[in-house]
Amino acid sequence: MRPEDRVAIHEAMKQQTISIAKAGITTVLNSRTSVLAAANPPSGRYDDLKTAQDNFDLRTTILSRFDLIFIVKDVSLYDQDKIIASHIIKVHSSAQAASGDIRASKEENWLKRYIQYCRSECHPHLSEAACAKLQSDYVDIRREMRQQANETGEAAAIPITAMQLEAIIRLNESLAKMKLSHVATESDVTEALRLFKVCTMDAACSGINQHIHITPDMANDIKQAENQIKRRLGIGNHISERSLIDDLTRMGMNESMVRRAILIMHQRGEVECQRERHIIVRKV
């Protein structure tokens with residue numbers, strides 16, 4: 001995503017406004033819609049040895065604005081591939097069937113009326129028990145993420161902040177609306193937390209830490225690599241990633257530890273990786 005596009009989507013999701021400048025006219029419009037976004041990894045395929053942030057190549061300020069984040073991987077399985085191929089062929093082979101179009105149209109109209117009724121007639125609020133459970137579980141999630149950050153020495157790709165608490169509350173209200181209920185109960189909180197954990201939390205915890213256990217010796221090598229990177233580059237300077245890795249490996253450092261150090265510094269915001277894999281030091 002280009003930097004100007006990042007600014008535009010961040011404004012729409014944070015401030016609920018869209019700035020437009022056309023033909024000498026500048027105006028700001030209110031954005032009253034949900035945002036559904038899909039992204040492919042920069043390399044074209046999801047890399048399990050990288051963090052979710054590196055696979056998305058988006059800033060945490062944007063990722064944290066989404067209520068739910070799903071990682072969908074193209075896993076090559078015979079039975080699953082067969083089901084997908086059969087479904088796609090069936091859709092195209094029956095595309096011209098008039099009866100199918102009429103039935104789909106009726107179902108679509110019913111679903112639209114149902115959603116419109118839920119949005120206009122149901123305005124649920126959290127019960128006292130649901131509020132207590134939500135507060136307790138949110139504190140537990142924050143404690144788990146803080147403990148993980150202390151153990152690994154790096155922050156999660158998707159920080160768990162008050163915005164995620166608001167996202168869980170919106171999920172609670174949506175679940176209550178689906179049941180045409182005016183009160184969000186503990187069961188709604190449980191289901192909302194389950195959805196949040198199986199998608200956003202898994203995305204935040206996914207990456208190289210699940211596949212590689214960092215020993216004290218590895219942590220020391222990574223720390224030394226970080227120090228050498230900071231010594232070689234000043235704030236605002238840039239260098240090719242390949243050149244930096246070659247220089248440090250000639251000094252006797254392990255290439256995988258150097259790459260790991262660059263990854264950690266990137267997550268902290270100390271360096272920035274631009275196109276063509278050039279590294280710019282932002283702060284030391």
Interatomic distance, T17 atom OG1 to L29 atom CG [nearest 0.5 angstrom]
9.0 Å

Give a yes or no answer on whether the side chain of S136 reaches the backbone of A132 with a donor-acceptor pair at less than 3.5 Å.
no

Are V72 and I83 joined in one hydrophobic group, where the rule is that I, L, V, M, F, W and Y side chains link up if heavy atoms are under 4.5 Å apart?
no

Hey, are K82 and D79 close enough for a salt bridge, meaning a charged N less than 4.0 Å from a carboxylate O?
no

Rounded to the nearest 0.5 Å, what separation is found between the CD1 atom of I18 and the CZ atom of R32?
11.0 Å

Heavy-atom closest pair, residues E121 and H182
O-CE1, 3.3 Å

Is there a path of hydrophobic side-chain contacts, each under 4.5 Å between heavy atoms, that joins I69 and L195?
no

Point-to-point distance, once rounded to the nearest 0.5 Å, from CG of L68 to CD1 of I168
9.5 Å

Quick check: closest heavy atoms across R65 and M13, and the distance to 0.1 Å?
CB-CE, 3.5 Å

With a 4.5 Å cut-off on side-chain heavy-atom distances among I, L, V, M, F, W and Y, is there a chain of contacts connecting M251 to I245?
yes

For the pair R250 and D247, evaluate side chain to side chain contact (heavy atoms under 4.5 Å, CB included) and give the outcome as yes or no after the intermediate values.
CA-CA 5 Å; R250 280 194 292 266; D247 292 344; 2.3 Å; yes

Under-4.0 Å salt bridge between R194 and E191:
yes

So CG of L175 and CD of E173: to nearest 0.5 Å the spacing works out to 10.5 Å

Distance-only, no hydrogens or angles: does the S31 side chain make a donor-acceptor pair with backbone N or O of Q16 under 3.5 Å?
yes

What distance do E226 atom CD and R260 atom CZ have between them, rounded to the nearest 0.5 Å?
10.0 Å

Check for me, please, whether Y138 and I169 land in the same ILVMFWY cluster - side-chain distances under 4.5 Å, paths through other members count.
yes

Quick one: do L193 and L165 end up in the same hydrophobic cluster if we chain Ile, Leu, Val, Met, Phe, Trp and Tyr together by side-chain heavy atoms under 4.5 Å apart?
yes

The test is side chain to side chain contact (heavy atoms under 4.5 Å, CB included); show your working for D188 and K179 and say whether it passes.
CA-CA 10 Å; D188 296 326; K179 297 185 298 184; 2.8 Å; yes

Just checking R170: does its CZ atom have more than 12 heavy atoms from other residues, nucleotides or ligands closer to it than 6.0 angstrom?
yes

Any side-chain donor paired with an acceptor under 3.5 Å for S127 and E186?
no

Salt-bridge contact E255-R259 (side-chain N to carboxylate O under 4.0 Å):
yes

Would you check if L126 and N172 make a side-chain contact, meaning some heavy-atom pair closer than 4.5 Å?
yes

Taking side chain as C-beta onward, heavy atoms only, is D140 less than 4.5 Å from R143?
yes

Contact check, side chains of Y114 and M178, non-hydrogen atoms, under 4.5 Å
yes

All heavy atoms of L248 vs all of A225, minimum pair found to be CD1-O, 4.4 Å

